[in-house]
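Notes follow the structure.
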Amino acid sequence: MIHSNRRNFLKQSGLAAAGSLLLPTMGFAFSPSEKYGVQLYTFRDEMAKDAKGTLEQIASIGIKKIESARSKEGLYYGLSPKEMKATCDSLGMQLCSGHVALDRDFDNTMRQAVESGQEYVICSSLPSKGQNIDNYKKVADAFNEAGKACKKLGLKFGYHNHEYEFESDKDEVLYDVLMDNTDPELVHMELDLGWVIVAEKDPLHYFKKYPNRFPLWHLKDMNMQEKVSTEFGKGGLDIVMMMENKSASGVKHIFIEQEEYASTPMESMKENMSFLKAL
């Protein structure tokens, strides 16, 4: 858990007061609808049942950027890439990114991504197993090649971390091995801030060590005891501190993701949006 003293102070003094005090330095000149998106895994069950209707509900609460996640219904929840694009266009939404697998079907994945109009193709888990330096160097090579293939099609390839990438082998953090062996021009990292703090690492350390390497974030607060996601302000992520330092990371798209909820995904998302508006 990081910056606990600062976080506790902000909670005690009230979000609105903290937001007003920090406003000049943080530069919050945009509304959450302009700045923040959502990873659709947050609404995975709803998307599987009624993709278009769920997107309409998400748009109605002011979220205009989305990131898809592959499911048993396909990359776009039973919709074709063109249907997904048309639905988003009709709702004034932008499909910015999608979580995919780097597998034998990757050529088809890239083709669908082009048709959908999305910019980023994000590998959501390691394509080969092995918590050691050799495997992570092997994965880095595969990522560089995937990045080349995506670039030829006008796409950008990237990777989304979990907790396990921050384990060490021979005193080297494996995530750092991945960072050091991937080409920044070809591999665009999506940093899941929640999993970083669960791994007991500091996102600010990575902003400083690898400046401008993280064009995408997953903004995810975490219950540090149970290691599950929670509504903003209830967990161990110092969201205000992240926002104060976001420029160093090079972030362009911030996607809210929540996998567990106090009640329903929609109610949790409304609470998260209210938290951000208070800033």
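Residue numbers count from 1 along this sequence.
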- Message: Assess, by modelled atom type and distance only, whether the side chains of N135 and S128 contain a donor and an acceptor separated by less than 3.5 Å.
- Response: yes
- Hey, mind stepping through V187 and L178 against side-chain contact (heavy atoms from CB on, under 4.5 Å) and telling me if it holds? CA-CA 10 Å; V187 182; L178 201 58; over 6 Å; no
- Query: Can you get from V228 to F43 by hopping between Ile, Leu, Val, Met, Phe, Trp and Tyr side chains that sit under 4.5 Å apart?
  - Reply: no
- V173 side chain near M179 side chain, heavy-atom distance below 4.5 Å: no
- Item | Any donor-acceptor N/O pair, N245 side chain to M241 backbone, under 3.5 Å | yes
- Please check if any side-chain donor atom of Y76 sits under 3.5 Å from a side-chain acceptor atom of E115, or the reverse. no
- Item | Check ion pair K252-E119 (N to O, under 4.0 angstrom) | no
- Query: Would a hydrophobic clustering, with Ile, Leu, Val, Met, Phe, Trp and Tyr connected at side-chain separations under 4.5 Å, put Y77 with Y41?
  - Reply: no
- Is it true that D221 and K234 make a salt bridge, defined as a side-chain N closer than 4.0 Å to a carboxylate O? no
- Look at the rings of H162 and H160 and say which category their plane angle falls in: under 30° parallel, 30 to 60° tilted, over 60° perpendicular. perpendicular
- Task: Might you point out which heavy atoms bring N223 and T230 nearest each other, and give the distance in Å?
- Result: N-CG2, 3.9 Å
- Message: I'd like to know if E46 and K49 make a salt bridge, using a cut-off of under 4.0 Å between side-chain N and carboxylate O.
- Response: no
- Task: Could you tell me whether the side chains of E260 and S229 share a donor-acceptor contact shorter than 3.5 Å?
- Result: yes
- Charged N to carboxylate O under 4.0 angstrom, E185 versus K151? no
- Intermediate values then yes/no, side-chain contact (heavy atoms from CB on, under 4.5 Å), L95 and S68: CA-CA 8 Å; L95 175 64; S68 63; 4.2 Å; yes
- Message: For a 4.5 angstrom cut-off between non-hydrogen side-chain atoms, does E67 reach H253?
- Response: no
- Which residues, ordered by chain and number, are linked to I122 in its hydrophobic cluster, where ILVMFWY side chains connect at heavy-atom gaps below 4.5 Å, directly or through other members? Y120, L216, F255
- Message: Nearest 0.5 Å, please: how far is CD1 in I239 from CG in L193?
- Response: 9.0 Å
- Task: Take M242 and L204 through the side-chain contact (heavy atoms from CB on, under 4.5 Å) test and state the conclusion after the steps.
- Result: CA-CA 8 Å; M242 295 301 102; L204 300 187; 3.8 Å; yes
- How many angstroms lie between atom OG1 of T42 and atom CD1 of I58, to the nearest 0.5 angstrom? 8.0 Å
- Task: For I66 and C88, run side-chain contact (heavy atoms from CB on, under 4.5 Å): C-alpha distance rounded to whole Å, both residues' side-chain angles, the deciding distance at 0.1 Å, then the answer.
- Result: CA-CA 9 Å; I66 57 173; C88 290; 3.5 Å; yes
- Note on the structure: Test side-chain hydrogen bond (donor to acceptor under 3.5 Å, both in side chains), reference E165, set Y159, Y175, Y136, output is Y159
- Inspect the surroundings of NZ in K227 and state if more than 12 heavy atoms from other residues, nucleotides or ligands are less than 6.0 Å away. no
- Query: Does Y206 have its ring centroid less than 6.0 Å away from the ring centroid of F166?
  - Reply: yes
- Query: Which of parallel (below 30°), tilted (30 to 60°) and perpendicular (above 60°) describes H99 and H218?
  - Reply: parallel
- What distance separates S268 OG from M273 CE, expressed to the nearest 0.5 Å? 13.5 Å
- Query: Side chains of E231 and Y261: donor-acceptor distance under 3.5 Å anywhere?
  - Reply: no
- Note on the structure: side chain to side chain donor-acceptor pair (under 3.5 Å) filter on Q57, not counting sequence neighbours, yields none
- Message: I'd like to check L186 versus F143 (side-chain heavy atoms, cut-off strictly below 4.5 Å). Are they in contact?
- Response: no
- Task: Kindly assign one of parallel, tilted or perpendicular to the pair F207 and F214, based on the angle between their ring planes and the thresholds 30° and 60°.
- Result: tilted
- Please list all pairs passing the side-chain hydrogen bond (donor to acceptor under 3.5 Å, both in side chains) test where one or both residues lie in residues 85-95, with sequence neighbours left out. K85-D89
- Pair E145-K148, salt bridge (Lys or Arg N to Asp or Glu O under 4.0 Å): steps then yes or no: CA-CA 5 Å; E145 291 304 310; K148 291 178 184 177; 3.3 Å; yes
- Ignoring hydrogens and angles, tell me if any N or O in the side chain of Q131 forms a donor-acceptor pair with the backbone of Y164 under 3.5 Å. yes
- Please tell me if the side chains of F232 and S274 come closer than 4.5 Å, counting only heavy atoms from C-beta onward. no
